[in-house]
Amino acid sequence: NFQRGRGLVKEGMKIVSSMQHFCMLSLIISTMVLGCSAAMDWSDRTIYQLLTDRFANSQGNTDACGNLGDYCGGTFQGAIQQLDYIQNMGFDAIWISPIVKNSPGGYHGYWQSDIYEINSNFGTANDLRQLISACHSRGIWVMLDVVANHVAPVGYDYSSIVPFNESSHYHGCSTCPSNCQIQNFQDQNQVEICRLAGLPDLDQDNDYVKSTLVSWVRNIVANYSFDGLRIDTVPEVDKDFWQSYVSSSGVYTVGEVYDGRINYVASYQAPTGPLAATLSYPLFFTMRGVFAYQQSMYQLQSTLSAYASNFGNVNVLGTFLDNHDQVRFLNVQKDYQLYKSALAFTLLTQGIPIIYYGSEQGFSGGNDPANREVLWTTNYATSNPLYKFIQTVIAYRQKVQIWNSEQVQRYADDSFYAFTRDTTFVALTNGGSNQNHIQRTITYHPYSNGQKLCNLFFPTSDCFVVQNGQFDVYLENGEVKIYYPVN
C-alpha cells in the first residue's frame, strides 16, 4: 500500500492494533485477563527509568562517584526528596531497580542473593513503602524491575543464595558450551538453559523454584503495592513459566526481549505470548540507526509496518531511546538536534514512552557502567534545555491524550518523516544541526482547507493555513516540529 511518488506515501500507514481487539483476544487466555486490563491502564503513562543507586542520595551530596562499578549512595529516601524533579518534567510513572539483597557490587540489582531481604544499600523496607506511598500520593505509578532467570555470580557454590541454595535449583551445563555460557543466541535451548554472563541459571522446571518465584512475585506486588513490573532477561526462561509468573503478579508486565527480530520479540506478547508487553528493542535499533547514525528514515516506515502485522498491540510496548544496558545516544551522536528528534519520536510514537534518567541533563556515558552516571552532580537543574524540551513534549502529549489516537504515516523519504496522531502533525528529519533548510509539500493529511496549524515550540511565529488541500513544512538546522490546529 505504499506508493512513494517523490517520497510521498500516498496511503497512510496505520500502525495501531485495536486495544479492544487485543483485550478480547487476550480473554481467550484466562491467565492474561488481568494483564490486559493492567496494560490498558498503563497506556497513558510516561515512564522515567531510574537506577536507585544513581538517582538521588539522602544527604544532599553533590560529589561525583569515584567508582561507577560499585555502590555510589543512591537511596529510596533520596528518591523521595527528588520527586518534584520527576513530576515537574511531566512523568507519571517511575521504573526503579530490583530491590532485593545482592552480592557485593550489585548496585544495579541484578545479582540477587536473597530474594526475601531488601537491599540495605538502598534503605529499609519501610523506606521503600514510603517511596511508593509518596509516589502514589502524587499520581505517580511505580514499576519494579524483577529477575527470575538467574542469581548472583557465585560460580557453582550456591550455599549463600536464599532460598535457592542447592544445585538441583539450577540448570546443568551438559548441553552448553564448555564454559556453560550462552554463545549462540539463535539457539533457543542454549538461551534458556545456559548461563548469561556467567550468572547461575535457575531451573524453572524444578517445582520448588517455580512455585517459589511465582509466590514471591505475587507477594512482593501485594506487600508493597507496585503498579507494574519490568521483567529482566525474558527469552532466557521458558514461556510457560512466564505465563504463571505474570498471572500471579496481577499487574502490567513489560519484558526485556533483547533482540532486533520483530517476529521473535512479538512472540512474547499476548495474546499468543505470555506478557502484556515487551520493551520495544527492534524500534530502538531502528531509532538509533535513523537518528544517531543518520540512516534512511524509510527504516521507520518498514519497522512500524512490521510492528503492525506482528505485535498484538503496539500501544502498550515500552518505547525507549536509552537505558542502562546501552551506550547513551549522546555518546554515539553529539548533535542535540538529532537527539531532540529522537526524543520527540519516542514520546509521540505509539507505545508507552520510557525516558532514562539523565537524558534530560545530556548525559553521554559509554558502555556499562559509564552509562550509569550519578544524577546529583547536576543539582537536578530544571533549566537544562533538554529538561525543558522533554517537559514541553510530555505536557502536550498529556494535554491531547495522544495515546487515544491512531498513528498514520503522512510522508517518508530518506531524510524526512512525518506522521499524525489525530490532529497532531509531527515532522522529523535525520539531517542534524548542519542540515540547514529542507522543505516538503504535504498532500496526504487529515485537515480541511482553511485550517490553521501552529508549531508547539513557536506557537505565535510558525503557523500555516492549509490551502488547495496541501501545505509546506520547513525544517531548519535539523529541528523537529509538532503542529496542532488552532481555531
Side-chain angles (χ1 to χ4, degrees), residues 46-55 65 68-69 72 74 91 94-98 106-111 143 145-147 149-150 182 185 191 196-197 199 230-236 254-262 264-265 268 277-295 299-300 303 307 317-336 338-347 349 351-375 386 390 430:
T46 312
I47 303 171
Y48 185 79
Q49 181 199 352
L50 62 89
L51 298 190
T52 305
D53 182 62
R54 304 299 157 89
F55 176 65
C65 180
L68 291 178
C72 291
F91 292 98
I94 62 171
W95 153 12
I96 66 173
S97 306
Y107 68 90
H108 40 66
Y110 300 107
W111 291 353
M143 173 181 287
D145 203 332
V146 293
V147 184
N149 172 64
H150 57 264
I182 302 170
F185 283 89
V191 169
L196 178 67
L199 300 170
R230 180 269 187 183
I231 302 179
D232 190 59
T233 51
V234 167
E236 283 74 15
V254 57
E256 178 201 29
V257 185
Y258 188 177
D259 201 288
R261 295 170 292 171
I262 293 173
Y264 180 77
V265 178
Y268 285 89
T278 66
L279 293 173
S280 198
Y281 260 104
L283 184 58
F284 161 79
F285 291 120
T286 296
M287 287 193 293
R288 281 292 180 97
V290 167
F291 295 109
Y293 295 101
Q294 298 177 276
Q295 297 168 358
Q299 291 185 38
L300 293 174
T303 295
Y307 264 44
L317 302 178
T319 309
F320 66 98
L321 183 64
D322 281 303
N323 68 24
H324 59 296
D325 290 324
Q326 306 298 323
V327 170
R328 287 190 185 261
F329 183 100
L330 288 173
N331 184 270
V332 176
Q333 174 56 258
K334 306 296 185 185
D335 193 310
Y336 268 41
L338 286 165
Y339 191 40
K340 286 181 177 181
S341 293
L343 286 169
F345 185 81
T346 301
L347 289 166
T349 194
I352 301 172
I354 303 170
I355 301 298
Y356 186 42
Y357 85 100
S359 299
E360 72 281 1
Q361 299 293 346
F363 280 8
S364 59
N367 288 315
D368 159 23
N371 59 349
R372 301 172 178 181
E373 308 94 322
V374 296
L375 190 62
L386 288 172
I390 292 171
N430 60 354

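Numbers here simply count residues along the sequence, with the first being 1.
- D368 contributes no side-chain N or O that, together with a main-chain N or O of D325, makes up a donor-acceptor pair within less than 3.5 Å.
- With N331 contributing its side chain and S364 its backbone, the two residues share a donor-acceptor pair below 3.5 Å.
- Between the CD atom of Q49 and the CD1 atom of I355 there is a distance of 10.0 Å, given to the nearest 0.5 Å.
- The structure places CG of N323 at 8.5 Å from CD1 of I354, a figure rounded to the nearest 0.5 Å.
- Checked against salt bridge (charged side-chain N to carboxylate O under 4.0 Å, His left out), R328 has the following partners two or more places apart in sequence or in another chain: E373.
- Residue W95 holds its CH2 atom at 9.0 Å from CG of L51, rounded to the nearest 0.5 Å.
- Considering only residues two or more places apart in sequence or on other chains, Y281 meets the ring pair (Phe, Tyr, Trp, His ring centres under 6.0 Å) condition with Y258, F284, F285, F320.
- Taken to the nearest 0.5 Å, the OG1 atom of T286 stands 6.0 Å off from the CD atom of Q299.
- Q333 is linked by a side chain to side chain contact (heavy atoms under 4.5 Å, CB included) to A292, Q294, F329, D335, L338, counting only residues two or more places apart in sequence or in another chain.
- Considering only residues two or more places apart in sequence or on other chains, F185 meets the side chain to side chain contact (heavy atoms under 4.5 Å, CB included) condition with I182, V191, L196, E236.
- Under the rule for a salt bridge (charged side-chain N to carboxylate O under 4.0 Å, His left out), the partners of D322 that lie at least two apart in sequence or sit in another chain are R288.
- E360 and Y48 share a donor-acceptor pair across their side chains, judged by distance under 3.5 Å alone.
- By the ring pair (Phe, Tyr, Trp, His ring centres under 6.0 Å) test, Y336 is found to be paired with no residue, residues two or more places apart in sequence or in another chain being considered.
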